[in-house]
Asks: 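Encoded as structure tokens, here's the structure I'll be asking about.
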Amino acid sequence: MGEGQGARSFVEEDLAGARFERCDLTGAVVRGSAVGGLEVDDPWLGRPGEVLVVNGVDVVPLVEAELYRRLRDHLAALDDAQLAGPALHVWAPDVPRQVLQSLHTILAEEWEHLRYALRDLAALEEDPSGTEAQ
């Protein structure tokens, strides 16, 4: 909520150790406050237009780069034995599954998302109004 829309202000409040779970803090502003040890876990961070500004720097691209680096390093470190190891099949826990099979599924699904996105973008370029019969 913005100013004048019922937004609450906390001035010289001690919120040390407070937990915010499943709260909408969109647009919240923290100024002149100690935030050492602050932990942020936002699975939606990185959506187009989302920013997280720390001391004037949008840290979203930095966070995304670090997460991609960790994933790349983790995947690169997997050996044949780990890839052949068991993985939980979420929808059917009693069905045996290997880590490599799960990776194949994830990559195939991501590839399909990319294909559909590229198809849709191409269609929008041909007919930006989206009025062409489908």
Asks: For residues 105-112, dump all side-chain donor-acceptor pairs below 3.5 Å to protein atoms at least two apart in sequence or in another chain.
Replies:
| from | atom 1 | to | atom 2 | distance (Å) |
| --- | --- | --- | --- | --- |
| Thr105 | OG1 | Arg97 | NH2 | 2.5 |
| Thr105 | OG1 | Gln101 | O | 3.1 |
| Glu112 | OE1 | Arg115 | NH1 | 2.6 |
| Glu112 | OE2 | Arg115 | NH1 | 3.1 |

Asks: Taking atom CZ of Phe10 as the centre, report whether more than 12 heavy atoms of other residues, nucleotides or ligands fall under 6.0 Å from it.
Replies: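 More than 12 within 6.0 Å, yes.
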Asks: Rounded to the nearest 0.5 Å, how far apart are CG of Leu62 and CD of Glu66?
Replies: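 Those atoms lie 10.0 Å apart.
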Asks: Can you hop from Tyr68 to Val63 via hydrophobic side chains spaced under 4.5 Å?
Replies: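 No; tracing contacts between hydrophobic side chains, which count when under 4.5 Å, never links both residues.
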Asks: Which pair of non-hydrogen atoms, one from Gln82 and one from Leu78, has the smallest distance, and what is that distance?
Replies: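 In this case the closest contact between Gln82 and Leu78 is OE1-CA, 3.3 Å.
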Asks: Please report the shortest heavy-atom distance between Gly46 and Val60, naming the atom on each side.
Replies: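 Minimum heavy-atom contact is CA-CG1, 3.7 Å.
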Asks: Quick check: are there more than 12 heavy atoms from other residues, nucleotides or ligands sitting under 6.0 Å from CG of Asp79?
Replies: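 Counting neighbours around CG of Asp79, more than 12 heavy atoms of other residues, nucleotides or ligands fall under 6.0 Å, so yes.
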Asks: Measuring from atom CD of Glu39 to atom CZ of Arg19, what distance do you get when rounded to the nearest 0.5 angstrom?
Replies: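 That separation rounds to 8.0 Å.
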Asks: Do Val35 and Val40 land in one hydrophobic cluster if side-chain heavy atoms of ILVMFWY residues count as linked below 4.5 Å?
Replies: yes
Asks: What heavy-atom pair brings Ala16 and Asp14 nearest, and what distance separates the two atoms?
Replies: N-OD1, 3.0 Å
Asks: Using a 6.0 Å cut-off, check whether atom CZ of Arg69 has over 12 heavy atoms from anything other than its own residue.
Replies: yes
Asks: Could you tell me the separation between the CH2 atom of Trp44 and the OG1 atom of Thr26, rounded to the nearest 0.5 Å?
Replies: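 Interatomic distance, Trp44 CH2 to Thr26 OG1, rounded to 0.5 Å: 10.5 Å.
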Asks: Test side chain to side chain contact (heavy atoms under 4.5 Å, CB included) on Leu103 and Leu75; report intermediate values, then the result.
Replies: CA-CA 10 Å; Leu103 285 174; Leu75 292 176; 3.9 Å; yes
Asks: Do you reckon Leu38 sits in the same ILVMFWY cluster as Val30, going by side-chain contacts under 4.5 Å, direct or chained?
Replies: yes
Asks: Kindly give the heavy-atom pair with the smallest separation between Asp58 and Glu50, and that separation in Å.
Replies: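 Looking at all heavy atoms of both residues, the shortest contact is OD2-O, 4.5 Å.
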